[in-house]
Visitor: 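Structure incoming, see below.
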Amino acid sequence: MHFPQLAAFTGGDGLIRVIGHRGARGIMPENTMEGFAFTLNCGVRLLEFDVVMTRDGVPVITHNHSLTGSIVRDQAGNWLQGEEPKVSDLDWADLENLDVGGLDGRSDYGRRFPDQAFLYGARIPRLSDLCELIAQPDYQDVHLMLEIKSDPDKLKNTTARADVVAAVVAEVRALGLTQRTLMHSFDWTLLAECKKQAPEMPTSYLTQLPDNAADIGEDHAAPASPDLTKAGVSVPDLVTREAGALWCPYYLDVTAAQVARARELGLRVAVWTVNEVADIDRMIGLGVDAIVTDYPGRVQRRLLAQGFVWSEQAVLAR
Ligand code: MG
């Protein structure tokens, strides 16, 4: 099957794509419309973001399954206290007035992003909010790396899982964005469900080796991830067996040999989440197709310094 959106995620001679992680988390509040607008204005037209489902079946853009005290304020501006409720136990009406425009600087998570802007009144977007923006004429070149977060409490609930995929697919189809969207997840079984329900969209396989997991203050994907340690089979080969279009390894895991194997298999390689200059440079050296980053401007500058660009538009401007 031909997937027109894959071209936007494919690198080339002097070309490595930049994908804004949750927008531009290092600079702007993550997974907010304000952050997405900022990223798009940076000339970065590939957006990564996370989707979780509410109790009443609304796909919303947020990373953790529970509302996190270091990210979420109530209408009065107070950080969420006490037990963190699960998004899947709340309705959209419970979420729509919460403020996710900043990080609590006293928290471990907040300390990770000291340069992130602090906004008042930034809301949790619905998937439909972002899709409606991207469907506008000015954003026809924008592509979505849509990560579905797999609820660890519902891994065996096939109906609930199929419902999440159906709701997400319905939103993307409703706005005519199936040719500009990649379905992205750590949960490879969920990606198989995406393929079943929406064969017109390619799938992207996230991986992270347990030894390198160190994302303080965030949900970890290990419960939903497949066992990648099967002897004798490379991860790119495993992705190919799933008929994947793109492999998205954690940047500390990936080797030159794996990138070469992915190339042989015709897989695109996008690495996450690459933020430090030395790491960005190493990924450029590996010749990946795309770099997922919290600091899109920093990656642009490293690419330019090494004679690369990140889009066809930048090729023309060079
Ligand atoms: Mg994500």
Side-chain angles (χ1 to χ4, degrees), residues 9 17-33 35-36 38-39 44 46-53 59-68 70-71 87-88 100 103 109 112-113 116 124-127 129-131 134 142-152 164-165 168 171-172 181-188 190-191 194 201-209 212-226 239 244-254 268-275 283 288 290-296 299:
F9 293 90
R17 307 290 178 171
V18 180
I19 304 175
H21 186 239
R22 308 184 199 175
R25 175 173 59 165
I27 309 294
M28 288 288 283
E30 66 183 63
N31 285 328
T32 60
M33 294 304 289
F36 297 134
F38 173 89
T39 309
V44 168
L46 306 178
L47 299 177
E48 189 274 354
F49 56 94
D50 310 287
V51 174
V52 173
M53 185 94 112
V60 294
I61 301 180
T62 192
H63 182 271
N64 294 344
H65 287 286
S66 296
L67 296 178
T68 307
S70 55
I71 303 177
V87 173
S88 60
V100 290
L103 297 176
Y109 189 61
R112 285 177 56 196
F113 302 101
Q116 192 189 89
I124 296 174
R126 290 166 296 192
L127 175 58
D129 295 325
L130 180 60
C131 289
I134 298 313
V142 175
H143 289 74
L144 304 178
M145 184 177 238
L146 190 166
E147 180 176 354
I148 303 183
K149 286 295 180 192
S150 185
D151 188 338
V164 171
V165 171
V168 169
E171 298 283 10
V172 176
T181 303
L182 271 183
M183 300 300 257
H184 184 62
S185 190
F186 281 99
D187 184 334
W188 293 20
L190 205 67
L191 289 174
C194 290
M201 284 192 274
T203 43
S204 167
Y205 295 73
L206 277 159
T207 60
Q208 183 177 34
L209 298 179
N212 287 328
D215 301 318
I216 295 164
E218 305 178 58
D219 282 356
H220 193 258
S225 300
V239 173
L246 189 143
W247 173 40
C248 196
Y250 186 53
Y251 75 98
L252 288 177
D253 298 343
V254 70
R268 284 89 183 153
V269 180
V271 282
W272 67 279
T273 297
V274 195
N275 290 338
M283 293 300 112
V288 297
I291 296 174
V292 181
T293 183
D294 291 318
Y295 297 90
V299 177

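Whatever order the structure lists ligands and atoms in, that order sets their numbers, starting from 1.
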Visitor: Mind checking what makes ring pair (Phe, Tyr, Trp, His ring centres under 6.0 Å) contact with W272, not counting sequence neighbours?
Guide: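 Listed in chain order: F186, Y250.
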
Visitor: Answer yes or no: is there a side-chain heavy-atom contact under 4.5 Å between L130 and P125?
Guide: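 The answer is no, as the side chains (C-beta and beyond) never meet within the 4.5 Å cut-off.
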
Visitor: I'd like to check the side-chain contact (heavy atoms from CB on, under 4.5 Å) partners of M53; sequence neighbours left out, ordered by chain and number.
Guide: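 In terms of side-chain contact (heavy atoms from CB on, under 4.5 Å), with neighbours along the sequence ignored, M53 is linked to P59, V164, A167.
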
Visitor: Do you know the tightest heavy-atom contact between L190 and S150?
Guide: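 Looks like CD2-CB, 4.4 Å.
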
Visitor: Filter on salt bridge (charged side-chain N to carboxylate O under 4.0 Å, His left out), then keep only pairs touching residues 23-32, sequence neighbours left out; what's left?
Guide: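 Sorted pair list: R22-E30, R25-E218, R25-D294.
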
Visitor: For the Mg ion (ligand 1), check which protein N, O or S atoms are under 2.8 Å away and list them.
Guide: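 Short answer, with waters excluded from the count: E48 OE2, D50 OD1, E147 OE1.
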
Visitor: What closest approach, in Å, do I19 and L47 show between heavy atoms, and which atom pair accounts for it?
Guide: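 Of all heavy-atom pairs spanning I19 and L47, the closest is CG2-C, 4.2 Å.
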
